[in-house]
Amino acid sequence: MGFENFGTVSFTAEAKAADFMTHLEAGRVMATRCKKCGLSYFPPKADCPRCLSSDVDWFEIKGKGKLNTYTIVNYGPTGFENDAPYILALGEFDGGLQILARLSRDIEEKDIQVGMSLVLSPVKLPDNRIAYEFKKG
Ligand SMILES: [Zn+2]
């Protein structure tokens, strides 16, 4: 299992991408929390950029968040040109954790409202890639 199966997000080099993918395949979307200063990160980071500690905990992103803002992407980045148009959304979850992900195509544009309830779910893409997206909460 490697990056080639992962569709929509690129990681910084220090992210524990393999662990993240293993969880995602099992149906869990995970983030990390720094044990020293308590900040949470998504996508997960193996080191805390704020206090530089490598002592991090993994936790599952559960429960409902709310939509803070969104944008319609008409031209996908290299490799994802055929995915556009899609809607990229910023959600806020427990503890103020900000998460950037695509909005599910199940949600029609006319139904999108800032403040609406969202859940973050793993999703299998048609070509067997695995990613995550926001669904209606
Ligand atoms: Zn920290």
Tell me, which pairs form a ring-ring contact (aromatic ring centres under 6.0 Å, His included) where one or both residues lie in residues 106-127, sequence neighbours left out?
->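 Residue pairs passing ring-ring contact (aromatic ring centres under 6.0 Å, His included), neighbours aside: none found.
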Do Leu90 and Leu39 belong to the same hydrophobic cluster, where Ile, Leu, Val, Met, Phe, Trp and Tyr are linked whenever their side-chain heavy atoms lie under 4.5 Å apart, directly or via other members?
->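 Result: no, two separate clusters.
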Same apolar cluster: Tyr41 and Phe134, side chain cutoff 4.5 Å |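 No, separate clusters.
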What residues, two or more places apart in sequence or in another chain, satisfy side-chain contact (heavy atoms from CB on, under 4.5 Å) together with Asp55?
->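 Applying side-chain contact (heavy atoms from CB on, under 4.5 Å) to Asp55 gives Lys35, Ser53.
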By side chain to side chain donor-acceptor pair (under 3.5 Å), which residues pair with Glu92, not counting sequence neighbours?
->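 Listed in chain order: Asn68, Gln98.
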Listed by chain and number, what are the side chain to side chain donor-acceptor pair (under 3.5 Å) partners of Arg50, not counting sequence neighbours?
->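 So Arg50 forms no side chain to side chain donor-acceptor pair (under 3.5 Å) with any residue.
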Spacing of Lys124 atom NZ and Arg129 atom CZ [to the nearest 0.5 Å] =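 Lys124 atom NZ to Arg129 atom CZ measures 12.5 Å (nearest 0.5 Å).
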Between CZ on residue Phe20 and CE on residue Met30, distance to nearest 0.5 Å =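 If I round to the nearest 0.5 Å, the distance is 9.5 Å.
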Assess whether side-chain contact (heavy atoms from CB on, under 4.5 Å) is satisfied between Leu88 and Leu100, documenting all intermediate values.
-> CA-CA 7 Å; Leu88 200 58; Leu100 191 65; 4.1 Å; yes
Donor-acceptor pairs under 3.5 angstrom involving side-chain atoms of residues 69-76: please list them, not counting sequence neighbours.
none

Over all heavy atoms of both residues, which pair between Ala31 and Leu97 is shortest? Give the atoms and the distance, please.
->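 Residues Ala31 and Leu97, closest heavy atoms: CB-CD2, 4.2 Å.
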Closest contact, heavy atoms only, Ala89 versus Leu67 |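 The pair with the smallest heavy-atom distance is CB-CD1, 3.6 Å.
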Decide if the gap between the ring center of Phe59 and the ring center of Phe42 is smaller than 6.0 angstrom.
->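 For Phe59 and Phe42, the ring centres are not under 6.0 Å apart.
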Side-chain donor-acceptor pairs of residues 103-123 under 3.5 Å, sequence neighbours excluded:
residue : atom : partner : partner atom : Å
Ser104  : OG   : Asp106  : N            : 3.0
Ser104  : OG   : Asp106  : OD2          : 3.4
Ser104  : OG   : Glu133  : OE2          : 3.4
Arg105  : NH1  : Pro85   : O            : 3.1
Arg105  : NH2  : Asp83   : O            : 2.7

Can you find a heavy atom in the side chain of Ile61 that is under 4.5 Å from one in the side chain of Ile99?
->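 Answer yes - side chains close enough.
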Keeping the roles fixed (side chain from Thr32, backbone from Trp58), state whether a donor-acceptor pair exists under 3.5 Å.
->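 Not at all, since once roles are kept as given, no pair shorter than 3.5 Å links the two residues.
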